[in-house]
Colleague: 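Have a look at the structure that comes next, please.
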Amino acid sequence: MTISRNQIQKNARKFSKSWQDISSEKAESQTFWNEFFDVFGVNRRLVGIFEAKVTKASGYQGFIDVFWPGKLLCEQKSRGQDLDKAFSQAVAYLEATAKVDVSQLPRYVIVCDFEYLRLYDLENQNKTQDAYTQILVADLADNIHLFNFIHDQVTQIRKADEAANIEAAERMGKLHDQLKAIGYTGHALEVILIRLLFCMFAEDSGIFAKYQFREFIEQKTRPDGSDLAAQLSQLFYVLNQPYEQRLKNLDKDLADFVYINGQLFAELLPPASFDEDMRLLLLESCATDWTKISPEIFGALFQSVMNPAERRALGAHYTSEDNILKVINSLFMDELRAEFQEIQKKGRGKARTAALDTFHDKLSNLDFLDPACGCGNFLIVAYRELRLLELDVIETIYKKDQLLDVSTIVRCNIGQFHGIEIDEFPVQIARVAMWLVDHQMNMLVSQHYGTNFARIPLKIAADIQHANALEAYWPAVDYIFGNPPFIGAKLITREQRQSFDIVMSVLPKSGTLDFVTAWYIKAALLMQENPEVKTAFVSTNSITQGEQVPILWSHLFNQGVFINFAHRTFQWQSPAKGKAAVHCVIVGFSLRNNSNKVIFDYPDIKGTPVLIEAKNINPYLVDAENTLIESRKIPLSSTNSIIRGSIPYDDGHLTLTFDEFNQFSENYPSDVSLIRKYGAAREMLSNQWRYCIWLHDIPPHLYSKNKFIMQRVAQTKQFRESPKAGQSVKSKANTPALFGDIRQPITNYLMFPRVSSERRIYLPIAYFEPSVILGDSAYGLPNATLYEFGVMTSIMHNAWMRTTCGRLKNDYRYSGSIVYNNFPWPLNPTDKQKSAIELAAQAVRDARAKYPDSSLADLYDPLLMPADLLKAHKTVDKAVDAAYGQTKFATEAERVAFLFEMYEKLAGESSSV
């Protein structure tokens, strides 16, 4: 998991605190180093950091506590022991290592006694006892820069691994294209590619003998590839045959292949055909080191190579491991790890061993479901993390030098994992990927205990259904998670709508809900059968904003649902190639009301979250009561009402472009007063205005002889009477000279857009005279004072807007009835407070005036916003906060929680009147 340096520092403080009071008797060396590397977001086993047995010059064998070949060696001692001697011991290990493989000599050495960490850089320092840097474990966070090399090395490894995944997928993509070009397509093509993938992984990971598959192709097939298909068909048949059922005179090269089973090679495929180039492509793919392939990444990449158009962006978008861990860590892994750590604190002895055995049984009896699993990314990472925790348990119970039958001590298996996916090819990828990650975890156990453990033949498989999740049966499990499709209500297809409506029959007014909400409803139904089930879904953030909230969450709350953790809006990259990044939330919920609720707030949606402990998490994902913001006709606070702009219903005939207006001015200079500047959000933000024919309250004789106007009026009437016009538009055909809906302010007013970019810190608003016609894609606040301007442009109002508004794609969609009418204005501000806001608001207008040639879009672009304008806004924010009786909020989530508390009070008073 890649994490920021700020997060590393926070992790370091937590690590230091957890170890400062642990006595030597209870301190576990491997636990210490596991948690040390966790500080950097590193699971040491996954990057090749392990214990190592060495034979020293004296002939005695020893164990290196932590060995990262070519990079780092760590030697652990009990508290208070001599670290000089520990370093001498480490040097002896280095000398023994050099005799075996000098390339594995590390640059860094760390010796530790649980109280002190001593770091040696062997490349830049002499190997003397004083050539080191020593710090207290308690001071790790303040000296974290000394260990930057760990973070940097892991980052390099991950980049290299990602490149290896992409390269492997590209090679498979080329083979796919050539097979497809000769007419080998569809299901058969998908299956043969997956079988080839398995065989290449098998020969690099110990399932087959090293190079066994590659040498079979090289030695048993002709260079022109003419018999390759036949040889592969025979090999696939053999891989599905138990040894005792194979022909007695079978070619030895075929007979030596292990029995795989698992139905992977059971289906009889139509014969393919290969040529020389295709054979060479397959051999090139065999040359890849498949042990470096990450099943959680490769699945999505492998699927993408099937589409040449998507392949151009290969590697640009897939469900990142970091985002998957956000879901599974909070849902179950953090809790399971904490339970394991509590058991470890019990000290050594039979009681602890019994508790560990019980915990181990618990791990092996948990069941997991991803009901929109795609290529299985979530299931793969979840299984891997479960197996890593199991390995921690096994290592704590069994010593490394114990003679063990490893197969009897590994209890967790992929049969605990269930998935549902509507497309067939991802289902096949997910099944195989789960076998691959299972084998990778078995290799880790084998590496630790110096024995070979492989679950071959395959007897257990992940339960991946090829089905429509909204119609399929969901198995009984302990945890449900995943990222169901990111599809807005208006983009749901007819076929999807049929499945959606079946699930949503329990919920009225579901037509405005996003597709993902059906997964919430179905999970809640499963919880009624088993109240212990816990669920977490990645979702478009629109289900926690705007009009969807009261519809969805009122039903879920009635079902007894509680939100126990949440990630507020952050940027999630879609696994589909070419798709834009989506703004998402993660919601963890169950029928159990946890006391330790947490909110992850993202000051930067692309950055690291801030963790907030919460008493309650409401559906807007803030620490407040479960308030549902309903549509309201008039403002909750005592303030002016806002209005929507006017709608022409004219098919463009009553509006003019800038050029058309100039032409009209030249042709009819005496009638220019009949044309008004006209616009809404786009025009206000860009300062590129349209114009309109505005004849409201204008006597007909003043325009009846204007040919241009009369032609446009006639065209408007024709449009309103046309068959394509709706009934409401046709009813306005008798007044074609006027806008269909007229809501124009008669005083100066504030204009602000109904839709605004999510990148902006502040919603741009501006004053206009009544001669500027307000269009429908903006709101107007008539008679607005500077005080109202200040509050509306403040971070307080913007935070409320970001939480309660709807979304159009990723942009904010302001709602007068939900956002504005429910916004809690300051209660009884003093004249001094109002004056301070007015002065600050005028300063914002003055700052804007310094840039007459810059549009509001430019001025409020976070990358372009002038420093003096930003400073003026900060002054407004401070003045408005003071009017609320507040001086500082740590996060936006805290600010919104404060506003919700105010809202609840005001709404309660309003309902009691």
Colleague: Distance from Asn11 atom CG to Glu35 atom CD, nearest 0.5 Å?
Modeller: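 Spacing of CG (Asn11) from CD (Glu35) equals 11.0 Å.
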Colleague: Please evaluate residues Leu72 and Val109 with respect to the criterion side chain to side chain contact (heavy atoms under 4.5 Å, CB included), reporting the C-alpha separation (whole Å), side-chain torsions for both, the decisive distance (0.1 Å), and the verdict.
Modeller: CA-CA 6 Å; Leu72 174 66; Val109 171; 5.9 Å; no
Colleague: Apply side chain to side chain contact (heavy atoms under 4.5 Å, CB included) to Gln134 and Leu119, showing your working.
Modeller: CA-CA 6 Å; Gln134 181 167 302; Leu119 173 66; over 6 Å; no
Colleague: Does any non-hydrogen side-chain atom of Leu73 lie less than 4.5 Å from one of Asp65?
Modeller: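 No, too far: nothing below the 4.5 Å cut-off.
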Colleague: Would you call Gln76 and Phe114 a side-chain contact if the rule is heavy atoms closer than 4.5 Å?
Modeller: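 Sidechains of Phe114 and Gln76: in contact.
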Colleague: Side chains of Phe565 and Asn596, heavy atoms from C-beta outward: is any pair under 4.5 Å?
Modeller: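 Not touching, per the 4.5 Å side-chain cut-off.
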Colleague: Just to verify, which of Thr535, Asn593, Ile617, Val598 counts as forming a side-chain contact (heavy atoms from CB on, under 4.5 Å) with Asn564?
Modeller: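 Among the candidates, only Asn593 passes.
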Colleague: Testing the basics here: between Ala382 and Ile328, what is the closest heavy-atom pair and its distance to 0.1 Å?
Modeller: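 Closest heavy-atom pair between Ala382 and Ile328: CA-CD1, 3.7 Å.
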Colleague: Just verifying a value: how many Å separate Thr891 OG1 and Ile612 CD1, rounded to the nearest 0.5 Å?
Modeller: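 If we round to the nearest 0.5 Å, Thr891:OG1 and Ile612:CD1 are 3.5 Å apart.
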Colleague: Can you tell whether the side chains of Glu321 and Arg384 come within less than 4.0 Å, N to carboxylate O?
Modeller: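 Arg384 and Glu321: salt-bridged.
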Colleague: Got a salt bridge between Asp478 and Lys534, using NZ or NE/NH1/NH2 to carboxylate O under 4.0 Å?
Modeller: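 No, Asp478 and Lys534 are not salt-bridged.
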Colleague: Would you say the side chain of Val585 lies within less than 4.5 Å of the side chain of Val587, judging by non-hydrogen atoms?
Modeller: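 Yes - at least one pair of side-chain heavy atoms lies under 4.5 Å apart.
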Colleague: Are Phe589 and Phe562, when compared by the centres of their aromatic rings, separated by less than 6.0 Å?
Modeller: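 When the ring centroids of Phe589 and Phe562 are compared, they turn out to be at least 6.0 Å apart.
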Colleague: Could you tell me if the ring centre of Tyr108 sits under 6.0 Å from that of Phe147?
Modeller: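 So the answer is no for these two rings.
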Colleague: Hey, are Thr31 and Gln344 close enough side-chain-wise for a donor-acceptor pair under 3.5 Å?
Modeller: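 There is such a pair between these side chains.
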Colleague: Between Glu894 and Lys888, is the closest basic N to carboxylate O distance under 4.0 Å?
Modeller: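 No, Lys888 and Glu894 are not salt-bridged.
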Colleague: Indicate yes or no for a side-chain donor-acceptor contact from Glu390 to the backbone of Cys412 under 3.5 Å, with no hydrogens or angles considered.
Modeller: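 Side chain of Glu390 to backbone of Cys412: a pair is present.
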Colleague: Does a salt bridge link Arg411 with Asp357, judged by any charged N lying under 4.0 Å from a carboxylate O?
Modeller: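 Answer for the salt bridge query: yes.
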Colleague: Salt-bridged, Asp204 to Lys210, with N to O below 4.0 Å?
Modeller: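 So Asp204 pairs with Lys210 through a salt bridge.
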Colleague: Answer whether the closest heavy-atom distance between the side chains of Trp435 and Phe201 falls below 4.5 Å.
Modeller: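 Side-chain contact under 4.5 Å: no.
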Colleague: Within a strict 4.5 Å, meaning less than it, do heavy atoms of the Asp392 and Phe340 side chains meet?
Modeller: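 Contact flag for Asp392/Phe340 side chains = yes.
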Colleague: Can you say whether the rings of Tyr479 and Phe368 are parallel (under 30°), tilted (30 to 60°) or perpendicular (over 60°)?
Modeller: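 Parallel.
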Colleague: Is any side-chain heavy atom of Asp121 closer than 4.5 Å to one of Thr133?
Modeller: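 No. Closest side-chain heavy atoms not under 4.5 Å.
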Colleague: Testing the 3.5 Å rule here: is there a donor-acceptor pair between the side chains of Glu115 and Trp19?
Modeller: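 No, no side-chain donor-acceptor contact under 3.5 Å.
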Colleague: Mind checking whether Phe378 and Phe417 have ring centres under 6.0 Å apart?
Modeller: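 Centroid distance Phe378-Phe417: not below 6.0 Å, so no.
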Colleague: In terms of side-chain geometry, is the basic nitrogen of Arg592 or Glu532 positioned less than 4.0 Å from the acidic oxygen of its partner?
Modeller: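 Yes, this pair counts.
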Colleague: For the residue pair Arg118 and Ile110, establish whether any side-chain heavy-atom pair is separated by less than 4.5 Å.
Modeller: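 In short, these two side chains do not touch, never coming nearer than 4.5 Å.
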Colleague: Considering only NZ, NE, NH1 and NH2 on the basic side and carboxylate oxygens on the acidic side, decide whether Lys77 and Glu75 come within less than 4.0 Å.
Modeller: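 Yes, this pair counts.
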Colleague: Might you point out which heavy atoms bring Leu386 and Gln416 nearest each other, and give the distance in Å?
Modeller: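 Nearest pair, atom of Leu386 first, then Gln416: CD2-NE2, 4.0 Å.
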Colleague: Using salt bridge (Lys or Arg N to Asp or Glu O under 4.0 Å), reason through Asp881 and Arg895 one step at a time and then give a plain yes or no.
Modeller: CA-CA 10 Å; Asp881 283 357; Arg895 182 183 295 276; 2.8 Å; yes
Colleague: So Trp33 and Phe36, would you call those rings parallel, tilted or perpendicular, with 30° and 60° as cut-offs?
Modeller: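 Taking Phe36 first and then Trp33, their aromatic rings stand perpendicular (interplane angle over 60°).
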Colleague: Begin with the C-alpha distance, continue with both residues' side-chain angles, and end with the deciding distance and a verdict on side chain to side chain contact (heavy atoms under 4.5 Å, CB included) for Phe32 and Cys112.
Modeller: CA-CA 10 Å; Phe32 177 89; Cys112 179; 3.6 Å; yes
Colleague: Thinking salt bridges, do Arg387 and Asp438 make one under a 4.0 Å N-O criterion?
Modeller: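 Looking at Asp438 together with Arg387, the answer is yes, because their closest N to O distance falls below 4.0 Å.
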Colleague: Assess whether a salt bridge exists between Asp113 and Arg79, defined as any Lys/Arg side-chain N lying under 4.0 Å from an Asp/Glu carboxylate O.
Modeller: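 Judged by the 4.0 Å cut-off on N to carboxylate O distance, Asp113 and Arg79 do not form a salt bridge.
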Colleague: Does Asn541 use its side chain to pair, donor to acceptor, with the backbone of Cys584 at less than 3.5 Å?
Modeller: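 Between the backbone of Cys584 and the side chain of Asn541 there is no qualifying donor-acceptor contact (under 3.5 Å).
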Colleague: Where do Ile380 and Ala433 come nearest, in terms of heavy atoms and distance?
Modeller: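 Answer, listing the atom of Ile380 first, then Ala433: CD1-CB, 3.4 Å.
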Colleague: Please find the pair of heavy atoms, one from Val111 and one from Leu83, that lie closest to each other, and give the distance.
Modeller: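 Closest approach of Val111 to Leu83, heavy atoms only: CG2-O, 4.1 Å.
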Colleague: Calculate, to the nearest 0.5 Å, the distance between atoms CD1 and CG belonging to Ile563 and Asn594 respectively.
Modeller: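 It is 12.0 Å, given to the nearest 0.5 Å.
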Colleague: To the nearest 0.5 Å, what is the distance between CD (Glu892) and OH (Tyr602)?
Modeller: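 Output value for this atom pair is 14.5 Å.
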Colleague: Has His567 got a side-chain atom pairing as donor or acceptor with Ile599's backbone, closer than 3.5 angstrom?
Modeller: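 Here the side-chain-to-backbone pair does not exist.
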Colleague: Are Tyr120 and Phe87 close enough that their ring centres sit under 6.0 Å apart?
Modeller: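 Yes: the rings meet the under 6.0 Å criterion.
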Colleague: Will you find, in the side chains of Lys326 and Asn323, an N or O donor that is under 3.5 Å from an N or O acceptor?
Modeller: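 Side chains of Lys326 and Asn323: pair found under 3.5 Å.
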